[in-house]
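Worksheet: the structure to be examined is printed underneath.
Proteins come first, then strands; the chains are lettered A, B, ... in the order of their sequence lines, and each starts at number 1.
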Amino acid sequence: MSPPGLDIRRASLTFGARPLFHDLAVEFDAGSWTCLLGRSGCGKSSLLRMIAGLALPDRHRIECTTSDGLPLQGRLAWMSQQDLLVPWLRVIGNVMLGTRWRGRWAGPTASEARERALALLSRVGLADKADAWPAALSGGQRQRVALARTLYEDAGVVLMDEPFSAVDAITRLELHDLASELLASRTVIMVTHDPLEALRLADHLLVLQGEPARAVPMAAPTGRRPRALDDPQLLAHQAELVALLREPAHV
Amino acid sequence: MSPPGLDIRRASLTFGARPLFHDLAVEFDAGSWTCLLGRSGCGKSSLLRMIAGLALPDRHRIECTTSDGLPLQGRLAWMSQQDLLVPWLRVIGNVMLGTRWRGRWAGPTASEARERALALLSRVGLADKADAWPAALSGGQRQRVALARTLYEDAGVVLMDEPFSAVDAITRLELHDLASELLASRTVIMVTHDPLEALRLADHLLVLQGEPARAVPMAAPTGRRPRALDDPQLLAHQAELVALLREPAHV
Amino acid sequence: ADDEALAPPQMIPLSVMLDWYPNPVHAPILVAKQLGLFAKRGLDVDIQSPADPSVPPKLVAAGRIDLAISYQPQLHLQVDQGLPVVRIGTLIATPLNALLVRADSGIDDLSQLAGKKIGYSVGGVEEVLLAAMLEHHGLTLDDVEMVNVNFSLTPALISQKVDAVTGAFRNFEPAQMKQEGVEGKPFYIEEEGVPTYDELIFVANRDTLNQHRDAYRRFMDAIGEATAWIINHPDEGWQRFIAYDPSLDTPLNKAAWNATLPRFALRPAALDVKRYRDFEAFLLERGQIKSQSPISRLAVDLNAP
Amino acid sequence: MSDSTALHAARPGLIGKLHGPTRALLALILLIAAWQAVITLTGVPRYILPSPLAVARALVEQRALLAHNALVTATEILGGFIGGVLLGLATALSLARFRPLRRTLLPLLLISQAIPLFALAPILMLWLGYGLWPKILMAMLIIYFPVASTGYDGLRQTPQGWLDLATTFGLSRRQTLLRVQLPAALPSLASGLRMAASAAPIGAVIGEWVGASQGLGYLMLNANARLQIDVMFAALVVLVAFALALYFGIDAAIRAAMPWHRDRLEASA
Amino acid sequence: MSDSTALHAARPGLIGKLHGPTRALLALILLIAAWQAVITLTGVPRYILPSPLAVARALVEQRALLAHNALVTATEILGGFIGGVLLGLATALSLARFRPLRRTLLPLLLISQAIPLFALAPILMLWLGYGLWPKILMAMLIIYFPVASTGYDGLRQTPQGWLDLATTFGLSRRQTLLRVQLPAALPSLASGLRMAASAAPIGAVIGEWVGASQGLGYLMLNANARLQIDVMFAALVVLVAFALALYFGIDAAIRAAMPWHRDRLEASA
Ligand SMILES: Nc1ncnc2c1ncn2[C@@H]1O[C@H](COP(=O)(O)OP(=O)(O)OP(=O)(O)O)[C@@H](O)[C@H]1O
Ligand SMILES: Nc1ncnc2c1ncn2[C@@H]1O[C@H](COP(=O)(O)OP(=O)(O)OP(=O)(O)O)[C@@H](O)[C@H]1O
Ligand SMILES: [Mg+2]
Ligand SMILES: [Mg+2]
C-alpha cells in the first residue's frame with residue numbers, strides 16, 4: 001500500500017465578502033508529514049475540510065489531484081477539531097466507528113477488528129475505558145478516543161486538526177510517538193498550534209499567513225520523526241517559526 | 001474590592017468504585033494565581049466544578065471556606081473546558097451573557113456594558129466578529145469569546161479550564177498578557193496542560209498526581225507575571241515540572 | 001306589524017334545542033318562528049341544534065335549556081335513569097323509524113333477514129325494536145349480524161356494506177336513496193310487531209314545569225298553529241321553511257318535505273296516555289327499563305285541568 | 001482526480017424560492033390528480049367521494065355560505081392556537097420547573113389527551129354553553145398537548161454545560177428556565193408548534209361538532225347529514241387551506257425566530 | 001462558608017422508584033379526587049358526570065362486557081400503533097433521504113393531518129368494510145403524523161460534524177441516514193412516540209364510532225345512547241388505562257433504547 005501525494009490548486013474560499021484564501025496552491029508529497037500552522041481563524045480547519053471534500057457554507061472551490069490519479073475517496077481519514085464522539089456508542093464502538101457505520105467488515109473478522117480497536121485504545125492509555133460511555137470521559141480522554149478512531153481507519157491520507165490540543169504534556173509526547181509509528185509512511189496533514197510539536201513531527205512546515213492567506217513553506221528540521229525534545233535543531237527552528245507566525249495577519 | 005482566598009478541605013470524588021481523590025486539602029491564597037496541572041483524566045476539571053459548586057453525576061463532597069467568611073456565590077466566574085457559547089446569541093451577546101441572563105444591569109447602563117464587552121472583544125482580537133453568530137467562528141475564535149465572557153464577569157475568583165488550548169502560539173502569548181492584566185489581583189485557579197504557560201502565569205503550581213490523587217505543590221518562578229519567555233528561570237523550572245508530571249499515575 | 005302591536009311588553013325568553021340539524025321534521029318550529037307566532041304570544045324563542053341527539057334532554061334535565069326535541073322511546077329510558085324530564089308535546093305523532101332494504105334485494109319479508117348484516121345508527125333502543133320485529137317473524141337477534149354504522153345509514157346500504165338498516169327515518173332515507181338512484185324499500189316497524197309511539201316529542205324539565213307551564217302552553221299553541229298552517233299551505237310553508245336558512249333549500253329536503261307533512265301531530269299538546277303505557281310495558285317486558293313510572297312522570301297534558 | 005468545484009455554492013436562493021407557497025401549490029395539484037384518479041379507478045360513488053370538479057363548483061356556488069362559516073372557524077382556530085400555545089408553554093415550563101408536579105401532572109396531562117373529547121362535550125356545554133368559547137377551548141385542548149409535550153421534552157434536554165454556566169452566573173431557577181432552557185428548547189418546541197398548527201383546525205371543528213350553529217365544522221356535519229357531500233368537501237378544502245396557511249405561517253415565524261439556525265439548515269439542506 | 005456535602009449523591013434510586021406505575025397511581029388518586037370535587041362543587045348531575053363510585057361499580061359489575069370489548073380495542077390500538085410507527089418512520093426517512101419528495105410530500109402530509117378523520121372515516125369504511133382493519137387504519141393515521149413529523153425534524157437536525165465524519169468514512173446516503181441520522185434523531189423521535197402512544201386509543205375509538213359492533217368506542221356510544229353514563233365512563237376509564245399503559249411502556253422502551261441518555265438525565269434530574 002503506498003499512499004498518494006496530493007496536489008492542491010486554485011483553492012479559494014470566501015465567507016461573505018471576506019476572501020480567506022484565493023487561488024491557493026500547495027503540494028503534499030506522498031508519504032510525507034506536513035504540519036499546517038497559522039493564526040487562529042486564518043482558515044486551517046476550512047482548508048482541511050475542503051481537502052476532505054466536506055461541505056462549507058459559502059462559496060469555495062478547490063482542485064485536488066492525487067499523485068496516483070486514483071480518487072481520494074476511501075483512502076482518507078479526517079480527525080476534526082471537535083472530537084465528534086457519538087454518544088450512543090461506547091468508547092470501543094466509537095473507535096471502530098468507521099467499520100460499524102460502513103457495516104462491512106472488510107477483510108478482518110469482527111473479533112479481529114475489535115482486537116485492533118482495543119489495542120489502539122490501550123496505546124492511547126484508555127484500555128480501562130473501552131466500555132464507558134463517551135459522556136463519562138474527560139476532555140483529553142475524548143480527544144484520545146477520536147485519535148484512536150482516526151488511527152483505526154488505517155487510511156493512506158490522514159488529515160488531523162489539532163489532534164493533541166487537549167492532552168497533558170507527557171501524554172502528548174507519548175501520542176507523538178504513537179502517531180509517528182502508526183502513520184510512518186502515510187501522507188499526513190496536521191493542523192497544530194504548538195511550534196515544538198510541529199518541529200518534532202513534520203517533514204514539511206506550512207504557515208498560512210495574511211488575508212487572503214498565502215501558504216508560506218518553511219524548512220523542517222532533519223532527522224527521523226519524532227525528533228527528540230532536546231534536539232538542538234528544534235530550538236533554532238522554533239525562533240524562526242514563531243517569527244513567521246508573528247508576521248501581521250493583515251498584509 | 002478584595003477577592004477572597006479559598007480553603008478546600010476534605011474534597012472527595014468517586015466515580016463508581018474508582019476514587020479520583022479522597023480527602024484532598026488545598027489552599028488558594030487571596031489574590032494569587034494557581035495553575036493546576038495533571039495527567040489527562042486525573043480529575044482537574046472535576047475539582048474545578050466542585051469548587052464552583054456544580055453538580056457531578058456521582059458521589060462527591062467538598063468543604064470550601066472563603067478567607068473572608070462570605071459566600072463564594074456571586075463572586076465567581078467559571079470558564080469550562082468547552083466553550084459553551086449559546087448559538088442563539090451573537091458573539092457580543094455571548095460576551096455579555098452574564099448580564100443578559102441575570103437581566104439586571106447592575107451599576108453600569110446597557111450601553112456602558114456593551115462598550116466594555118466590545119473593548120474586551122477587541123482585546124481578544126475579535127472586534128470585527130461582534131455581530132457574527134457563534135456557528136461562524138473557528139475553534140480558536142470560540143475559545144476567545146468564552147475567555148472574553150469570563151473576563152467580562154469581572155469576578156473576584158476566576159476558575160479557568162484550559163482557557164488557551166485552542167489558540168495559536170502568538171495569540172496565546174497576547175492572551176497571557178491580557179489575562180494577567182485584567183486578573184491582576186484576583187484569585188485565579190487555572191487548569192493547563194502547557195508547563196511553560198503555567199510557569200509564565202502562576203504564583204503557585206499544583207500537580208494532581210496518583211490515584212486517588214494528591215495535590216503536590218511546586219514552587220513557581222519569582223518575578224512579575226507574565227514572566228518573559230526567555231526568563232532563564234522558566235527553563236529550569238520546566239524540567240522540574242515535567243519530571244513531576246511524569247511520575248506514574250498509579251501509585 | 002300587527003303581531004308586534006299585540007305583543008306584550010315583556011318577552012319571555014325560551015331556548016329550544018332540536019334533536020339534530022334543522023330538517024323538514026322541524027318545520028313547525030322553524031315556521032312558527034318565521035311567522036312570528038312565538039313573538040305574538042310573548043315568547044322570544046332561541047333555536048339551537050346539537051350534533052349528538054342524546055345531549056338535548058340532558059341539558060334540559062340540567063336546567064341549561066328550556067325545551068328539547070327528543071324521542072318517545074328515549075324518554076322512557078331517560079325517566080327510568082332518573083332524568084327529571086317530561087313530555088309536554090308531540091311533534092311527530094307516528095313512528096318515523098323504519099327498517100330499510102334495497103328494493104332490488106329481493107327481501108319481501110323480514111324473515112328473510114336471517115344471516116344478514118343489519119346496520120343501525122346510535123339509538124339506544126334499536127336492538128330491542130329489531131328484536132321485536134325479528135321475533136314477530138320467528139327469528140332472534142342471533143340470526144343476524146348488527147353493525148353500528150353511526151350516521152352513515154344510507155351510504156352503508158347503497159354500497160351494500162350492509163343488507164338492511166334500521167333506525168332510518170321513513171320520510172328521509174328513502175328519498176336520500178332515490179336521489180342516489182337506488183330504490184329503497186321500507187318496513188314500517190309498527191306493522192312488524194312494535195307498539196306504535198310518538199317519534200318526536202318536546203320535553204321539559206319536570207321540576208320546573210309549573211313555573212313555566214304558561215309559557216310552554218303558549219309555545220305549544222304556536223306549534224299547533226304553525227302545523228295547521230303548513231298543512232293548509234304546504235308550498236308557502238316550504239318557502240317559509242327554507243327562508244329560515246337558505247342552505248335548507250335542497251332537492252332532498254324538498255322530497256322529504258312532502259313525505260313529512262302527513263306525520264306532523266295536528267294536536268301537538270294533546271296526550272295519548274295509552275301509547276306511553278303500552279310502550280313502557282313493551283320496554284319493561286324486554287328488560288330495557290327497571291320499573292314502571294306513573295304516567296305523570298312521563299308525560300303531561302299542559303291543557304289538562 | 002477528485003474535483004469538487006463550486007459544489008456547494010449559491011444554493012440557498014433556489015431552495016428559498018421553492019419554500020412555502022410554491023411547494024404547497026405543487027402538492028395541491030398532485031393531490032387533486034390523485035383524488036380524481038381514486039374516483040376514476042375505484043369508481044367510488046359521488047355520495048362518498050365527490051369529484052374535484054363538483055367540489056370546485058360547490059366552492060364557487062356556496063362561496064357566501066362558506067365565507068361566513070369560515071370566518072367563524074378562523075376566529076376559533078386563531079383563538080385556540082394562541083390559547084393552546086400559551087397554555088402548553090406554561091405547562092411545559094411548570095413541569096420543568098417544579099419537580100413534584102412532574103410526577104402527578106404529567107399522567108394527568110396524558111389522561112386528558114386520551115379522553116375522546118366527545119365524552120366531555122356535554123360537560124363542557126353545560127358549563128360553557130354554545131358560544132365561541134367551547135370551540136376555542138376544544139382547539140386549545142388539541143393544540144395544547146403537542147406544545148406541552150415537545151416543550152417539556154425540549155426543556156429537559158438542555159445541555160448540562162449551559163445549566164452549569166447559569167449556575168455560576170448565579171441565575172435563579174426561574175431565570176435559568178426562561179433565559180437558558182427555553183431558547184435551548186426552541187428547535188424541539190418548533191417541532192411541536194408545527195404539529196399543533198396542522199392540528200388546530202381539527203380542534204375547532206370538533207368543537208363545532210359538539211355544538212354549534214355556525215362554522216365550517218357545523219357546515220360539514222350539516223351537509224353530511226343532508227348528503228350534500230360536495231358542500232362538505234368544499235368546507236373541508238377551506239379547512240385544509242387554513243391548516244396549510246397556519247403551518248407555513250408558523251414555519252416562517254419559527255425560521256425568523258431562530259436566525260442562527262438558518263445558516264446551518266441551509267448549509268446542510 | 002459554602003458547604004455542599006453529599007449534595008448530589010445517590011438520587012437515581014429514589015427517582016427510579018417513583019417512575020412509571022407509582023407516578024401514575026398518584027395521579028390517578030389525584031384525578032379521582034378532582035373528579036369527586038367537581039361533582040360536589042358544581043353539582044353537575046350524575047347523568048352528565050357520574051361519581052367515581054358509580055363508575056367503579058359499573059367497572060366491577062360489567063367487567064365481562066368491558067373485558068370483551070377492551071380486548072377488541074386493545075388489538076386495534078396495538079395494530080395501529082405498530083403500523084403507524086412503522087409508516088411514520090418510513091415517511092420520515094424517505095423525506096430526509098429524497099429532497100424532491102420533501103417539497104411535495106410534506107404538504108400532502110400536512111393536508112392528511114388537517115382533514116378531520118371523521119370525514120375520511122366513511123370512505124375508509126366503505127372500502128374496507130366494518131372489520132378490524134379500518135379501525136387499525138384509523139389508529140395508524142392518528143399515530144402516523146407525530147412520528148413522521150418529529151422523526152423528520154430530528155433527522156434534519158443531525159449535528160453537521162457527524163455528517164462530515166460519515167462523508168469521510170465513505171458512507172452512502174442510505175447508510176448515513178440509518179446509522180448516523182437515525183440514532184441522532186432518537187431523542188426527538190422519542191418525543192413523537194410518547195405523543196403517539198397517548199393518542200393511539202383515540203384513533204381506534206374514532207374508528208369504532210364510524211362503524212363497529214364491538215370495542216370500547218362502540219360500547220361508549222351505545223351506553224351513551226341508553227343513558228348508561230356510568231358504563232360509558234367505565235369504558236372511558238379502561239381506555240385511559242390503555243393510553244397510560246402504552247405511554248409508560250413506550251417511555252420505558254425508549255429509556256432502554258437510549259442507555260447513554262440515562263446517566264445524563266439522572267445526573268441533571
Ligand atoms: N459521568 C461520569 N461517570 C464516570 N466517570 C466519569 C464521569 N465524568 C468523568 N468521569 C471520570 O472522571 C475522571 C476525571 O475527569 P475530569 O474531566 O475531571 O478530568 P481532567 O483532569 O479534567 O482531564 P482532562 O485533562 O483530560 O480534561 C476521568 O477519568 C473520567 O473518566
Ligand atoms: N459559516 C461561516 N460563516 C462565515 N464565516 C465563517 C463560517 N465558518 C467559518 N468562518 C470564518 O472562517 C474563518 C476560518 O475558519 P477556520 O475554522 O478555518 O479557522 P482556523 O484556521 O481553523 O482557526 P482556529 O485555529 O481558531 O481553529 C474564520 O475567521 C471564521 O470566522
Ligand atoms: Mg481550526
Ligand atoms: Mg478537563
Side-chain angles (χ1 to χ4, degrees), chain B residues 45-46 48-57 71-104 106 131-137 142 145-146 149-150 152-161 189, chain D residues 8-12 89 92-93 96-97 99 150-151 154-193 253-269:
Chain B
S45 300
S46 303
L48 236 51
R49 291 182 65 91
M50 287 168 68
I51 296 174
L54 296 174
L56 283 164
L72 194 51
Q73 228 186 333
R75 299 193 285 174
L76 178 139
W78 171 69
M79 177 174 170
S80 94
Q81 201 166 351
Q82 292 77 40
D83 52 66
L84 299 184
L85 303 190
V86 298
W88 61 87
L89 294 177
R90 292 171 195 272
V91 164
I92 178 80
N94 268 286
V95 174
M96 305 167 65
L97 197 62
T99 316
R100 282 192 76 121
W101 275 1
R102 279 186 294 265
R104 2 177 182 85
D131 287 325
W133 293 111
L137 297 185
R142 293 178 68 94
V145 175
R149 182 185 65 205
T150 311
Y152 176 89
E153 281 295 287
D154 200 22
V157 176
V158 179
L159 312 177
M160 297 196 289
D161 203 344
I189 310 176
Chain D
H8 294 277
R11 190 133 26 73
L89 258 179
L93 288 170
R97 172 71 184 79
R99 201 172 306 141
T150 56
L155 288 172
R156 276 204 304 190
Q157 284 167 21
T158 319
Q160 185 62 37
W162 293 335
L163 297 178
D164 292 340
L165 203 55
T167 306
T168 61
F169 279 160
L171 262 61
S172 67
R173 286 199 60 180
R174 204 173 136 266
Q175 287 173 321
T176 305
L177 194 64
L178 293 178
R179 304 200 173 129
V180 187
Q181 296 181 264
L182 191 59
L186 275 186
S188 172
L189 199 60
S191 199
L193 279 178
I254 288 168
R255 278 161 194 275
M258 301 200 291
W260 70 93
H261 227 240
R262 205 183 300 150
D263 304 321
R264 225 190 58 71
L265 280 182
E266 276 168 5
S268 67

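For a residue to count as touching a neighbouring chain, one of its non-hydrogen atoms must lie under 4.5 Å from one of that chain's; by this rule R149(B) touches chain D with the side chain only. Using a 4.5 Å cut-off between heavy atoms, Q82(B) does not touch chain D at all. Both the backbone and the side chain of L165(D) come within less than 4.5 Å of a heavy atom in chain B. Contact of L89(B) with chain D is not made at all, since no heavy-atom distance falls under 4.5 Å.
For the set L178(D), V180(D), T176(D), the count of heavy-atom pairs under 4.5 angstrom toward chain B peaks at V180(D). The residue among L84(B), L85(B), L76(B) with the most heavy atom pairs within less than 4.5 Å of chain D is L84(B). Taking chain D as the reference chain and counting heavy-atom pairs below 4.5 Å, the highest number among G74(B), A77(B), A52(B), P87(B) is found for P87(B).
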Begin from the C-alpha positions of W78(B) and D164(D) and carry the test side-chain contact (heavy atoms from CB on, under 4.5 Å) through to its verdict.
-> CA-CA 9 Å; W78(B) 171 69; D164(D) 292 340; 3.6 Å; yes
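Residues W101(B) and L171(D) come closest through the heavy atom pair CB-CD2, 3.6 Å.
Within the model, atoms OG1 of T168(D) and CZ of R49(B) stand 10.0 Å from one another, a figure rounded to the nearest 0.5 Å.
When atom types are taken as modelled, the side chain of R102(B) and the backbone of F169(D) share a donor-acceptor pair closer than 3.5 angstrom.
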